[in-house]
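In listed order, ligands and their atoms are each counted from 1.
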Amino acid sequence: MGTRSKAKVISHPVMARRARAKDKGETVDALMREPGGVDFLRKWFEEKGVRKVKVGAVDLDGVWRGKYISTDKFFSAVKGGLGFCDVVFGWDLADELLDNTQVTGWHTGYPDAQARVDVSTGRIIPWEPDTAAFLLDFVNADGTPFGPSPRQLLQKIARRARDLGYLPKFGAEYEFYIFKETPHSLHEKGFQGLTPLTPGMFGYSWLRTSLNSPLVHALIDGCNGFGVDIEGFHTETGPGVFEAAIRYDEVEKAADKAVLFKTVAKEICARHGLTACFMAKVNAKLPGCSGHVHQSLWNLKGGTNLFHDEDSPDGISETMRHYLGGQVELMPELTALYWPTVNSYKRSVENTWAPTTATWGRENRTTAIRVIGDSPKSMRLEYRQLGADMNAYVGMAVSLAAGLWGIQNEVEPPPMCSGNGYEANARPLPRNLKEAVTLLERSERARELLGDDFVDHYVRTRKWEVRQYERAVTNWELERYLELI
Ligand SMILES: NC(=O)CC[C@H](N)C(=O)O
């Protein structure tokens with residue numbers, strides 16, 4: 001347990017059983033009722049001095065929502081679940097109520113949804129040391145997974161991978177801006193004229209990270225202490241732009257770490273009077289922010305990388321080839337899931353290292369997928385379409401589902417793109433959210449792979465987002481028309 005193992009995340013034989021039991025459909029509370037189930041959690045709380053618990057989940061927009069609960073409430077939630085107002089599936093990023101959802105709304109009275117505590121995700125919050133954090137999963141009244149839940153979508157697709165004999169190992173990396181701004185100053189300035197943490201363009205700057213070392217160390221140590229292992233951290237090109245690579249893990253844990261990374265970055269920055277921003281494109285003249293996801297499939301024991309084949313001339317196995325084939329084939333119609341915001345599409349600009357075409361290449365940063373490595377250990381792909389504004393559960397689940405579909409249907413990828421992917425003779429990616437949502441809504445393959453309940457709700461939320469944008473009068477319009485027209 002905590003003290004014996006080096007792992008920052010709680011670990012115990014019951015946890016391992018729970019992980020295995022997931023596949024058999026056993027519930028957490030059934031296991032927690034077993035002898036030793038809750039007791040070990042109580043002991044862990046005592047050892048760590050836990051006085052409060054924070055529970056949370058990611059909504060469809062990828063926003064982390066949660067609350068503090070008492071330890072008593074927590075133990076009752078572990079046994080019998082927890083009520084959590086289902087409005088988290090009925091409002092947008094700004095807490096505006098969607099008028100077109102079916103899963104919740106005025107027509108249902110916004111009841112409490114049932115949430116289950118995923119006890120295997122327990123971790124101490126390093127900067128709130130008497131508080132433990134746990135992730136929640138939403139369930140229907142009968143205990144089955146709640147269709148629109150992004151975390152459960154990923155669990156479903158990961159189960160599919162394992163049923164096919166594959167262990168997906170994924171790892172996310174994020175580029176993000178840090179501004180010398182607080183929520184108040186952002187609002188006072190109308191989100192204009194913001195001060196970046198560091199001036200000018202300076203990628204891989206030894207100097208800039210050193211000059212901001214209290215923050216940089218707080219971010220790295222905060223993540224590591226929270227079970228989000230940081231493999232690399234550096235400045236990217238752009239004022240105040242940083243990049244963090246999170247160590248790869250089994251896909252479900254990799255996604256948890258990716259969403260937790262974002263909340264750690266935002267929390268630690270806020271504690272330093274700063275704002276961490278994961279928009280895909282903050283400024284048309286400056287680089288966009290990626291949320292690249294490295295991916296490979298291994299055998300179930302995890303020792304053999306099935307993307308590598310030493311007998312193949314390029315080292316790419318048949319499994320990897322078909323996986324790539326599925327991802328490239330479905331890329332345009334699944335784009336609304338990879339690029340969830342109106343802003344995501346503004347990152348897709350030529351000559352910015354962000355993709356504009358449904359392409360793949362080898363060590364090529366102009367394509368949507370980059371194949372990396374050539375050894376049994378390193379062979380993988382980097383799904384570069386994803387931006388920093390991705391919902392990591394959705395991005396990982398959907399790209400995995402597309403790859404598995406490619407394997408099952410033996411889909412051949414288009415020829416590898418060597419050279420400039422922006423000029424490739426390839427299908428363009430959708431130019432905006434409206435176009436992407438139209439493709440997704442019509443995609444039978446998306447429904448088949450992800451389920452009607454998820455796709456239907458997702459499409460509704462994106463249509464709402466498009467409507468909000470279409471009504472907005474932007475700064476660009478004011479600057480262009482106000483005086484001259
Ligand atoms: N590190 C890189 O490859 C740059 C990625 C680029 N900033 C993007 O938005 O995709």
Side-chain angles (χ1 to χ4, degrees), residues 62 170-179 196-198 200-206 208-209 230-248 258 261-262 265 276-295 327-328 331 335 337-373 378 380-392 395-396 399 417-424 426 428-433 436:
F170 280 39
E173 54 186 38
Y174 280 109
E175 295 174 311
F176 59 108
Y177 278 77
I178 301 181
F179 291 107
L197 179 63
T198 58
M201 317 290 276
F202 199 171
Y204 300 100
S205 167
W206 186 279
R208 295 264 194 269
T209 39
I230 299 299
E231 213 168 48
F233 193 93
H234 64 93
T235 60
E236 250 297 345
T237 185
V241 184
F242 289 80
E243 175 167 336
I246 304 163
R247 189 177 154 70
Y248 70 88
F261 171 77
K262 258 167 126 160
C277 161
F278 291 84
M279 276 176 76
K281 194 86 174 174
V282 175
N283 181 318
K285 297 191 184 83
L286 293 173
C289 290
S290 64
H292 299 156
V293 175
H294 293 247
Q295 317 189 350
Q327 289 191 329
V328 176
M331 200 176 277
T335 285
L337 295 149
Y338 298 131
W339 287 347
T341 71
V342 165
N343 182 253
S344 310
Y345 298 78
K346 309 221 162 144
R347 172 177 155 253
S348 175
V349 174
E350 291 183 3
N351 308 330
T352 62
W353 297 283
T356 58
T357 51
T359 42
W360 72 281
R362 195 138 193 177
E363 271 310 338
N364 192 332
R365 287 190 167 84
T366 66
T367 53
I369 300 175
R370 173 169 73 120
V371 171
I372 307 175
S378 64
R380 64 190 186 279
L381 63 82
E382 177 189 42
Y383 200 91
R384 296 177 61 82
Q385 185 185 8
L386 292 161
D389 59 352
M390 68 167 166
N391 179 324
M396 291 193 192
S399 53
C417 169
S418 34
N420 190 343
Y422 298 114
E423 290 170 356
L429 296 172
R431 292 302 316 129
N432 55 53
L433 184 57

Next item on the list: Report yes or no: does T237 have a heavy atom closer than 4.0 Å to ligand 1?
Entry: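 Outside the 4.0 Å threshold, so no.
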
Check: What do you reckon, does K281 put a non-hydrogen atom under 4.0 Å from ligand 1?
Finding: no

Margin query: Using the side-chain contact (heavy atoms from CB on, under 4.5 Å) definition, which of the options R384, E382, R347, Q385 pairs with S290?
Written below: R347

Check: Can you name the one residue among L197, I178, T209 that meets side-chain contact (heavy atoms from CB on, under 4.5 Å) with T235?
Finding: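 With T235 as partner, side-chain contact (heavy atoms from CB on, under 4.5 Å) holds for just one option, T209.
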
Tell me the protein heavy atom at minimum distance from [atom], and give that distance in Å.
| atom | answer |
| --- | --- |
| atom 8 (C) of ligand 1 | R347 NE, 3.4 Å |
| atom 7 (N) of ligand 1 | E175 OE1, 2.8 Å |
| atom 3 (O) of ligand 1 | R384 NH2, 2.8 Å |

Give the numbers and elements of all ligand 1 atoms closer than 4.0 Å to a heavy atom of [X].
| X | answer |
| --- | --- |
| S290 | 8 (C), 9 (O), 10 (O) |
| T352 | 6 (C) |
| E236 | 1 (N) |

Notebook entry, point to check: Do the non-hydrogen side-chain atoms of Q327 and S399 ever get within less than 4.5 Å of each other?
Noted result: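 Yes - at least one pair of side-chain heavy atoms lies under 4.5 Å apart.
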
Check: Just wondering, do Y177 and C289 contact through their side chains at under 4.5 Å, heavy atoms?
Finding: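 The answer is yes, as the side chains (C-beta and beyond) meet within the 4.5 Å cut-off.
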
Margin query: Looking at R362 and C417, would you say the former's side chain and the latter's main chain have a donor-acceptor pair under 3.5 Å?
Written below: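 Checking the backbone N and O of C417 against the side chain of R362, no donor-acceptor pair under 3.5 Å is found.
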
Check: Is the side chain of N364 donor-acceptor paired with the backbone N or O of G419 at a distance under 3.5 Å, no angle test?
Finding: yes

Check: Looking only at distance, does G288 have an N or O less than 3.5 Å from an N or O of ligand 1?
Finding: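 Yes; the residue has a nitrogen or oxygen that sits under 3.5 Å from a nitrogen or oxygen of the ligand.
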
Next item on the list: Quickly, which of F176, F242, F233 forms a ring pair (Phe, Tyr, Trp, His ring centres under 6.0 Å) with F261? Name it, please.
Entry: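 Of all the options given, the one that passes is F176.
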
